[in-house]
Amino acid sequence: MEKETELRDLDSKLPNLDDDASAKVDRPLLKPEPSTAASTESIQELEKKFAAYVRNDVYGPMGRGELPFKEKLLLGIAIVTLLPIRVVLAMSILLLYYLICRICTLFSAPNREDEQEDYAHMGGWRRSVIVRSGRLLSRLILFVFGFYWINETYRDLSDDEKSATENQSKDQSEEAERHGAIISNHVSYIDILYHMSSSFPSFVAKRSVAKLPLVGLISKCLGCVFVQRESKSSDFKGVSGVVTERVREAHQNKFAPMMMLFPEGTTTNGDYLLPFKTGAFLARVPVLPVVLRYPYQRCSPAWDSISGARHVILLLCQFINYVEVKRLPVYHPSQEQKDDPKLYATNVRRLMGREGNLILSDIGLAEKRIYLAALNGNNSLPSVLHQKDD
């Protein structure tokens, strides 16, 4: 009842629209008319409540803030010079990698199991070429995007942690020491490119991604677990079951594709860490936590409350972009955490927040939709809250 009252209060503060009440939150981000825009007071209140999604860069909320003349000039020059060069180079690299994947998968049948399809379980020279070229070309795309240097740090175990780990795994085999998944905070689509260049893991993606030109085959070579929200198959296990099996497989077999999971379920502005979903921890095996930060001066690489197209343009118009990576030691859950995935997820989250200097927030995707709806001048909160997760 408290949650419903709070949402009704927020709903009353947002402006009313005469029609289009069911418009999607991710509609084209055109500047709204004064009569339909949320009041400044309402937006400011929401920004305090939903600070994890607020953009604080020079381009302002949704990338539509007022810019000084110098910034407009720099942006204009970059749009006609830097942007087209980067787009052409990135598309050329993507096409090249697609051709590599196409050649390596010729005359090879994909692995089909649990309504999934992938080439990540393929062995031999083909898999080696796909992985090595994928890591190299992903790093090359990051370079084209302006990420010329990647600052990576590795946090070693403290003496107490070493002692605890040794006692816990004294009689454990090499298999028990190996992690089954990489756990990362989620800030931007750039996260995916970094992890591809670093370890070339498998991700969770929407089923529609598998059918996209170029990207579809690449996602299958990555070994992505495709999300199918509704299935009539009686033996369909659901994404959680498939992910759990894949995590266990990676833990038991060093040649199996590693899973890369973003347990927050959505992106933030990079300063916060949202509550973790437990799906990544159901396998009860060790995980490798990784924290990503994106320092910036003009445009934030965080894909939080801005449209994808607008964000890509602004990011590619920035000559230099930065990413900082902090890789933590493999986290070995205690027996209590193995028996309680929620406790396991909470402890890993606290560790990542502390080591990455991130603020722990208790909001989620529903609150993000409220904030985006307010920015778009859309007050139909019930329809916003009941939209399916992307």
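Residues: numbered from 1 along the sequence shown.
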Within the structure provided, determine whether Arg86 and Leu89 are in side-chain contact (heavy-atom separation under 4.5 Å). no

Is the backbone of Leu273 close enough, under 3.5 Å, to the side chain of Asn185 for a donor and an acceptor to pair up by distance? no

Are Asp118 and Pro110 packed together at the side-chain level, in the sense that at least one heavy-atom pair is separated by less than 4.5 angstrom? no

Using side-chain heavy atoms (C-beta onward) and a distance below 4.5 Å, is His332 in contact with Val287? no

With a 6.0 Å cut-off on the ring centroids, do Phe319 and Tyr148 count as close? yes

Audit row: Arg55, Asp304, salt bridge (Lys or Arg N to Asp or Glu O under 4.0 Å) steps and yes/no: CA-CA 7 Å; Arg55 292 190 70 80; Asp304 37 32; 2.8 Å; yes

Given 3.5 Å as the limit, does a donor-acceptor pair link the side chain of Ser197 with the main chain of Tyr194, or not? yes

Indicate, with yes or no, if Ile141 and Leu95 share a hydrophobic cluster defined by side-chain heavy-atom contacts under 4.5 Å among Ile, Leu, Val, Met, Phe, Trp and Tyr. yes

Just wondering, more than 12 heavy atoms not from Tyr296 lying within 6.0 Å of its OH? yes

Any donor-acceptor pair under 3.5 Å linking the side chain of Arg178 with the backbone of His251? yes

Go through Tyr331 and Leu288 one step at a time and tell me if the side chain to side chain contact (heavy atoms under 4.5 Å, CB included) criterion holds. CA-CA 6 Å; Tyr331 187 99; Leu288 176 65; over 6 Å; no

Joint hydrophobic cluster, Tyr59 plus Leu73, side-chain heavy atoms closer than 4.5 Å: no

Between Phe262 and His186, what is the ring plane arrangement, given parallel below 30°, perpendicular above 60°, and tilted in between? parallel

Do any N or O atoms from the side chain of Asp57 and from the backbone of Cys299 form a donor-acceptor pair under 3.5 angstrom? no

When rounded to the nearest 0.5 Å, the distance separating CD1 of Ile359 from CG of Asn357 is 8.0 Å

Exam field: side chain Lys338 to backbone Ala283, donor-acceptor pair closer than 3.5 Å: no

Between Asp339 and Tyr344, is any pair of side-chain heavy atoms under 4.5 Å apart? no

Would you check if Arg284 and Pro341 make a side-chain contact, meaning some heavy-atom pair closer than 4.5 Å? no

Test item: Leu292 and Lys326 side chains (from C-beta on) under 4.5 Å apart, heavy atoms: no

Whether Arg246 side chain and Val225 backbone form a donor-acceptor pair below 3.5 Å: no

Would Lys49 and Glu367 pass as an ion pair if we require N to O under 4.0 Å? no

Got a sec: does the CD of Glu152 have more than 12 other heavy atoms crowding it under 6.0 Å? yes

Say whether, by atom type as modelled, one donor and one acceptor occur between the side chain of Ser188 and the main chain of Pro301 under 3.5 angstrom. yes

Pro329 backbone acceptor or donor facing Arg155 side chain under 3.5 Å: no

4.5 Å side-chain heavy-atom contact, Val209 and Cys224: no

Under the criterion ring pair (Phe, Tyr, Trp, His ring centres under 6.0 Å), I'd like the reasoning laid out for Tyr189 against His311: C-alpha separation, chi angles, the key distance, then a yes or no. CA-CA 10 Å; Tyr189 44 84; His311 188 259; 5.4 Å; yes

Students often mix this up, so state it plainly: with edges at 30° and 60°, are the rings of Phe281 and Phe276 parallel, tilted or perpendicular? parallel

Would you check if Met258 and Ser202 make a side-chain contact, meaning some heavy-atom pair closer than 4.5 Å? no

Spell out, yes or no, whether Val243 and Val227 are grouped together once hydrophobic residues are joined by side-chain heavy atoms under 4.5 Å, including indirect joins. yes

Separation of Leu96 CG from Leu214 CG (nearest 0.5 Å): 11.5 Å

